Structure formats: structure tokens, C-alpha cells
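Heavy-atom basis, side chains included; hydrogens, waters and symmetry copies ignored. Since we're looking at a predicted model, the values are computed, not measured. Each ligand, and each atom within it, is numbered from 1 in the order the structure gives.
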Amino acid sequence: MSAKKLPEHLHLDTLAVRTAVAKSQFGENSEALYMTSSFVQPDAATAARRFAGEEEGYIYSRFTNPTVASMEQRLAALEGTEACIGTSSGMSAILLMCMGLLKAGDHVICSQSVFGSTIKLIAGEFGKFGVQSTFVSQTDVAHWQAAVQPNTKLLFAETPTNPLTEVCDIRALADVAHAAGALLAVDNCFCSPALQQPAKMGADLIIHSGTKYLDGQGRVIAGAICCTKKLIDEKFMPVMRSAGMSLSPFNAWIVLKGMETLSIRMRAQSDAALELAIWLEQQPKVARVYYPGLASHPQHALAMQQQSGMGGAVVSFDVVGASPEAGRANAFHVIDSTCVMSITANLGDTKTTITHPATTSHGRLTEVQRQAAGIGQGLIRVAVGLEHIDDLKADLARGIHSLS
Ligand SMILES: *Cc1c(COP(=O)(O)O)cnc(C)c1O
């Protein structure tokens, strides 16, 4: 058992290191990893009471597990929500949320700029089961308002978006949702609670892919929903018990330890991303830079207000190109000229990653859909890690300076 009780009103950096469930009888300083599928019950009557929900106690790791509970408590503390439920991936967090909250005939309003798999899940999979959905402009609150129907149950946003870093006004969307009797969910992958806490701006559900900045070193797939205890007890835990999108204790332990350095990583990576973005804006062969920390970003003021004055660690930019084909050739040249950055679609890693969205993450869209989404053939996305900024600039300069 832990000997000390944490004081109230601790800073986020302290909560990230110290929040977890009670220690075992051994007094380990690092949180224990409980790799077990089930938990032994002292007697049949206790087992019966625990299964009936009349007594607290671990039963089976599809339902709850102490290592997963530690990760959930720590993330809830960082997001400033009452509770959290861990899931096997970011997408399974969205799946669990939709299964728990929606039924046939209900309506969802979603930004058209959210993660591609989120659009496929809501429009495609839930559409099959009779859930209606409308996709609206990320940045125009009036579009969200106009899409409200009597059966609207959920508004879903992600801010900033991937890869164009569009920002939406969380407080304004919460007001639209609540006036309609609906809930607002915000996917907070890009900023993480170290920079942005959507619950403080009125969001009801915060979605995480633990795969990204929470782990921070690109090791595991994990996810979570942060919300009230009531929503978890009444809406999500029953689905989790039946459907089993449960988080592995090992992956929970990795994310739990990753969160200890979240704040320091986010600040360092965000500072480096800003420096890289400013440098990119000065390059003649770069046509446009997308980064919320730049004064040239259309929602710069809103982003600074929502994101603790920081832009996050993802920078996208268009290289010049007289035609889409030329833009693509130039983008490929810049990507292939890097020697330090990893050519891979993940983000949130200490290793900087570089990718060409039009042929990877957005490759399944038609050219018309891609143009509507603003994803040009010259677009490159960089998710800045922890390497020295001068090495990252030099890595991009090699390709950019040799463009004809
Ligand atoms: C990666 C990502 C997801 C999906 O998370 P997984 O852990 O890969 O399932 C959802 N939303 C955003 C914004 C992401 O970047």
C-alpha cells in the first residue's frame, strides 16, 4: 500500500509522475506491471458479490486491471476529468464511445478534417447500423450549428487536425452541443493534455491514441476515453465487458511510464517545431507552411489560447511545383534526401518522422476528395522529435536547396 496520500492541486508535471493506484505490499517505487488475465477470489461468495458489482475487486483483465487502472487515473488527472477508460487503440476508444452512446436513428456531427479512420468508422461502419452522420467544416462554427438535428447526440472534433493543423474552437462547439442536448467529444492526440485540456473548455469526452505522444517513443498501440465516472459506469464499461476492446496491461504500463516525460517532451518538441516552421517559411522553394504557432496560421490566436501558447510538434509544408506531378516529384526528392528523419506515418515519437500524405495516409481518397481536403501533391508532414534542431534543418535543407 502507498504510505503517502498526494496533496490536492498539484501541477500537471507532478501529476504525470505521481498519479497511480496504490502500490503492492512490496513498496516498489516504479509502478508494478500486473500481467495476469484473471484475479483469484478469496471465496465463492466474494466472487459472486464482485461479479454482481456489489463489491470492489479485480475479477478479469477484460474488465479491469491494476496497471490499466494506474494509467487511467494518471491520464484522467492530466486531462482534468473525473475518470478514464483505457482501450486497445485510439480507434477502439472511438468505437467504444460510439457503441456506448449511439443507437440506430441517432445523428453525429463530425469535422470533415478528422483522422481518416474516424470518418470511415462513423460514416461507414456505424452508417451500416443506422447511425446518421454529417461532416462539416473544421473551422466554421456556423456549419456545425446548421447541421444540428433533433436526433443529434454527439459532436466529434479533432484539433489541430492532421496534416493541415486546422484548429477548431472547442468552447464554441461545446456550446453548440449542449444547446442541442448532445455531447462534445474531442480527439486530443495532437496536443495531449500537456498543451490542451479540452474538458476545461467544455468538452464532455476526450479521446486519445496512447500510441502517439502519451507513449512518446512509438512502442505500443493504446487508447483511452476521458470523461465522467457516470458515463464510464453506465455507458462504456458494459460495452467493454461484452465487446472486449480492452487495453493490455503491458501496453498500459508503457504508456503510464511514457506520461512521466510527456510535458517535458511536448515543450521541447513544440519549441523545435516552431523553429523549424519559421525556418521553412524563409525557404524560397517552400510555397506554404501549416503550423498553428506561426502568426501566418489562420487560427493562430485561437490556437495559442487553447494550446498553452504552443503550436504542437507537427509541421506541414508545400514544396513548389508547377503541376501536381512536379509537386509530387519535388516532395519525394525532399523526403528521400533526408538521412536522419524516419519515413513513416506514425507521429508522437522522439524520432522525427516525415511523410507524404497524398500517397500514404490520404492515398485512398480520390483526387477530387484530396483537393477538397486541401492535401496537395507537394505537401510534406513532419512530426518533430527530440533530435537537435540544426540536424533536422540540415536534413530538410539537403533536399529543399537542391530543388530546381
Ligand atoms: C493515430 C490517431 C488515431 C488512431 O489511434 P490508433 O492508436 O492508431 O488506433 C486517432 N486520432 C488521431 C488524431 C490519430 O493521430
Side-chain angles (χ1 to χ4, degrees), residues 68 71 75 79 84-99 108 110-126 135 138 154 156-168 170 185-196 198 203 205-226 243-248 250-252 254-255 258-259 262 266 269 273 290 292 303 306-307 312-316 342 344-349 353-355 357 360-362 364 373 375 381-385:
V68 175
M71 185 241 127
L75 184 53
E79 284 291 1
C84 168
I85 184 166
T87 58
S88 56
S89 67
M91 288 321 302
S92 67
I94 302 173
L95 173 68
L96 174 61
M97 177 182 70
C98 291
M99 284 182 78
V108 182
C110 185
S111 159
Q112 66 198 6
S113 312
V114 298
F115 196 63
S117 298
T118 305
I119 295 179
K120 288 198 177 296
L121 180 67
I122 292 175
E125 305 306 328
F126 279 90
F135 292 85
Q138 165 81 358
L154 182 69
F156 189 101
E158 178 187 315
T159 183
T161 57
N162 179 26
L164 297 178
T165 72
E166 292 174 310
V167 174
C168 68
I170 298 174
V186 173
D187 183 331
N188 199 25
C189 277
F190 264 52
C191 276
S192 90
L195 301 193
Q196 173 172 276
L205 302 127
I206 295 69
I207 296 291
H208 271 289
S209 166
T211 316
K212 310 292 166 56
Y213 293 101
L214 300 184
D215 167 15
Q217 293 183 55
R219 297 166 294 187
V220 297
I221 303 284
I225 309 172
C226 298
M245 55 285 275
S246 323
L247 177 56
S248 144
F250 179 77
N251 290 3
I254 293 286
V255 173
M259 276 191 278
L262 175 67
M266 286 310 295
Q269 291 175 224
Y290 307 83
Q306 290 188 162
Q307 302 173 193
V314 176
V315 183
S316 295
S342 311
T344 180
N346 194 32
L347 61 98
D349 201 320
T353 62
I354 186 164
T355 169
T360 59
S361 53
H362 295 71
R364 286 187 291 176
I375 314 287
R381 187 199 75 187
V382 175
V384 178

Evaluate the criterion side-chain contact (heavy atoms from CB on, under 4.5 Å) for residue pair Ile225 and Ile207; output intermediate values, then yes/no.
CA-CA 5 Å; Ile225 309 172; Ile207 296 291; 4.0 Å; yes
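- With a 6.0 Å cutoff to the six-membered ring centre and a 45° limit on the axis angle, Lys120 does not count as a cation-pi contact of Phe135.
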Atom pairs, nitrogen or oxygen, ligand 1 to protein, under 3.5 angstrom:
from, atom 1, to, atom 2, distance (Å)
ligand 1, 5 (O), Ser209, OG, 3.0
ligand 1, 7 (O), Gly90, N, 2.9
ligand 1, 7 (O), Ser209, OG, 2.8
ligand 1, 7 (O), Thr211, OG1, 2.6
ligand 1, 9 (O), Gly90, N, 3.1
ligand 1, 9 (O), Met91, N, 2.9
ligand 1, 11 (N), Asp187, OD2, 2.6
ligand 1, 15 (O), Lys212, NZ, 2.6

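- Here the side chain of Ser89 pairs a donor or acceptor atom with the backbone of Ser92 at under 3.5 angstrom.
- Among residues at least two apart or in separate chains, side chain to side chain donor-acceptor pair (under 3.5 Å) pairs with a member in residues 185-195 are Glu79-Asn188, Asn188-Gln196.
- The closest donor-acceptor contact from the side chain of Ser316 to the backbone of Pro163 lies under 3.5 Å.
- Residues Leu347 and Arg381 come closest through the heavy atom pair CD2-NH1, 3.4 Å.
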